[in-house]
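Here's the structure, in structure tokens; my notes come after.
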Amino acid sequence: MTAPTTRDACAALDAADPLAFARDRFLLPEGTIYLDGNSLGAMPRAVAPRMREAVEREWAIGLIRSWNDAGWYTAPQRAAARIARLVGADADEVIVTDSISVNLFKLVAGAIGLQRRRAPARDVIVAERGNFPTDVYVDASLARLLGMELVCVEQAEVPAAIERAGERLALVQLTHVNYRTGLIHDLPGITARTHALGGLVIWDLAHSAGALPVGLGAAGADFAVGCGYKYLNGGPGAPAFAYVARRWVGELEQPLVGWHGHAAPFAFEHEFRPAPGIERLLCGTEPQLSLIALETALEAFDGVGLDALRAKSVAMTTLFTELAERAVGGFDGASGFGLASPRDASVRGSQVSLTHPRGYAIVQALIARGVIGDFRAPDILRFGFAPLYLRFVDVWDAAEALREVVATRAWDRPEFLARKAVT
Ligand SMILES: *Cc1c(COP(=O)(O)O)cnc(C)c1O
């Protein structure tokens with residue numbers, strides 16, 4: 001694709017966009033172009049009235065009765081059923097609960113336990129250096145606790161590390177779409193190769209679910225986790241989700257046992273007996289209001305086809321890559337800017353990442369112009385393109401703002417240099 005050279009041409013793309021209807025489902029601030037939906041999704045309009053109802057009627061008046069009468073108790077399964085469609089799983093293979101970090105702990109420990117029972121000599125976990133830190137922290141902690149060897153390699157080295165582990169391979173733990181670069185791992189290929197060697201795989205779908213089709217079932221995936229507050233728009237700190245392939249559900253023993261994961265929570269038995277189904281991944285009481293917000297937010301995907309979602313995402317990231325390249329005067333080094341995300345859209349998630357030594361200040365200067373992206377140390381400027389609510393004219397305007405920042409060297413201004421706690 002050669003990028004349109006006018007804003008009007010972008011407006012024409014919006015007029016032809018089959019997903020244009022979905023933007024209206026979001027409350028977006030005037031004058032802001034939000035390219036950070038990969039970090040905290042925008043708010044679906046339906047959430048605010050639903051939260052008012054949940055607080056003022058279900059909590060204040062329904063009180064404890066609302067666990068039954070308002071359906072609070074079964075919200076993890078209802079939200080999960082909506083997510084299942086987005087990740088290509090069946091509803092009874094997904095549950096909404098806790099955070100990614102906590103769910104990873106459960107699944108890594110559970111998967112190692114499965115392997116110990118099947119093949120005790122397998123003692124290697126393959127993970128990725130440069131993955132989102134929480135994933136590697138959890139992998140390393142469990143490797144220490146359970147006496148496994150953690151092999152952490154760069155993304156491109158992952159297939160070779162899996163081969164090298166060979167008969168010692170117990171588990172592969174990867175994020176489908178890299179949070180910094182947006183590079184997509186070959187999920188079906190790595191899953192199949194790991195299985196051929198006798199290993200299991202846990203996929204982190206933080207930057208996949210709600211952004212591109214994942215096809216967990218079709219790939220024969222074992223386990224996965226994913227984020228509720230990024231492309232699923234569940235709100236700050238929204239609960240995450242976990243996926244366990246049906247063939248493993250009954251065998252998986254996870255160590256964070258709690259009463260909500262019991263076969264009969266309200267029998268209050270002395271001994272723990274896991275729930276027969278995916279509910280065994282539950283631990284304590286969910287943050288119910290956050291869960292309700294997520295469940296409601298997921299309605300924004302109603303009627304949205306995943307192929308159309310991916311097509312729009314690819315078109316937007318391709319357009320931004322080309323417009324940004326023009327705006328900064330090339331990615332060849334002379335401009336100071338580089339391109340950290342793949343040019344090949346088939347291996348690029350829903351983000352575009354640039355590099356620049358003054359990246360933090362540039363992102364601040366863009367935010368001052370109403371274009372919200374984010375910065376990831378040491379030098380990455382990250383722009384997420386949530387296909388549900390962004391327009392092609394937003395892509396155009398964002399690139400124009402970047403052009404202005406470059407032309408005025410706004411990154412030298414002192415107010416853009418001070419680092420905030422959350423970048
Ligand atoms: C955002 C993100 C997380 C977040 O983990 P939480 O524990 O849910 O906050 C985990 N992994 C990846 C790859 C992420 O991008």
Side-chain angles (χ1 to χ4, degrees), residues 35-42 76 79-80 83 86-87 94-109 125-142 152 154-155 158 172-185 187 190 201-212 214 216 221 223-243 254 256 281-284 286-287 290-291 293-294 297-298 340-341 348-353 373-377 380 382-386 421-423:
L35 307 184
D36 216 1
N38 51 332
S39 204
L40 174 66
I83 293 170
L86 302 178
V87 297
V94 181
I95 194 81
V96 169
T97 182
D98 295 324
S99 63
I100 285 189
S101 308
V102 171
N103 288 328
L104 263 179
F105 187 90
K106 299 172 196 165
L107 291 181
V108 172
I125 304 173
V126 173
E128 186 184 328
R129 181 176 294 282
N131 192 355
F132 192 85
T134 211
D135 295 55
V136 183
Y137 300 160
V138 171
D139 297 337
S141 171
L142 280 164
C152 243
E154 300 294 333
Q155 185 160 14
V158 165
V172 177
Q173 198 277 302
L174 298 170
T175 294
H176 183 212
V177 179
N178 185 279
Y179 78 109
R180 275 208 188 96
T181 63
L183 182 63
I184 302 180
H185 270 299
L187 184 149
I190 290 177
V201 195
I202 302 176
W203 289 102
D204 184 336
L205 306 177
H207 296 274
S208 316
L212 54 140
V214 179
L216 288 175
F223 309 106
V225 294
C227 193
Y229 55 77
K230 291 173 179 156
Y231 290 103
L232 299 184
N233 311 304
F241 67 90
Y243 156 88
Q254 63 91 1
L256 284 181
L281 285 181
L282 299 173
C283 183
E286 294 302 323
S290 291
L291 186 51
L294 172 60
L298 288 165
S341 45
R348 185 176 63 223
S350 208
Q351 73 188 62
V352 174
S353 299
D374 65 20
F375 173 75
R376 287 294 173 262
I380 293 204
R382 198 170 65 150
F383 303 98
F385 293 87
V422 176
T423 62

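Since this is a predicted model, take the numbers as computed values, not measurements. In each ligand, atom 1 is the first atom listed, and ligand 1 is the first ligand listed. Throughout, numbering of the chain's residues begins at 1 and tracks the sequence.
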* What residue among Ile184, Leu187, Leu205, Asn38 forms side-chain contact (heavy atoms from CB on, under 4.5 Å) with Val177? -> Ile184
* Contacts of Asp204 that satisfy side chain to side chain donor-acceptor pair (under 3.5 Å) - sequence neighbours left out -> none
* Structure fact -> Shortest non-hydrogen pair, Ser341 vs Ser353, comes out as OG-N, 3.0 Å
* Hey, could you give me the CZ/OG1 distance between Phe241 and Thr97, rounded to the nearest 0.5 Å? => 12.5 Å
* **For ligand 1, the residues whose heavy atoms come within less than 4.0 Å (ordered by chain, then number)** => Ser99, Ile100, Ser101, Phe132, Thr134, Asp135, Thr175, Asp204, Ala206, His207, Tyr229, Lys230
* **Results of ring pair (Phe, Tyr, Trp, His ring centres under 6.0 Å) for Tyr179 - residues two or more places apart only** => Phe132
* Asked: With sequence neighbours excluded, what pairs up with Asp374 under the salt bridge (charged side-chain N to carboxylate O under 4.0 Å, His left out) test?
  -> Arg376, Arg382
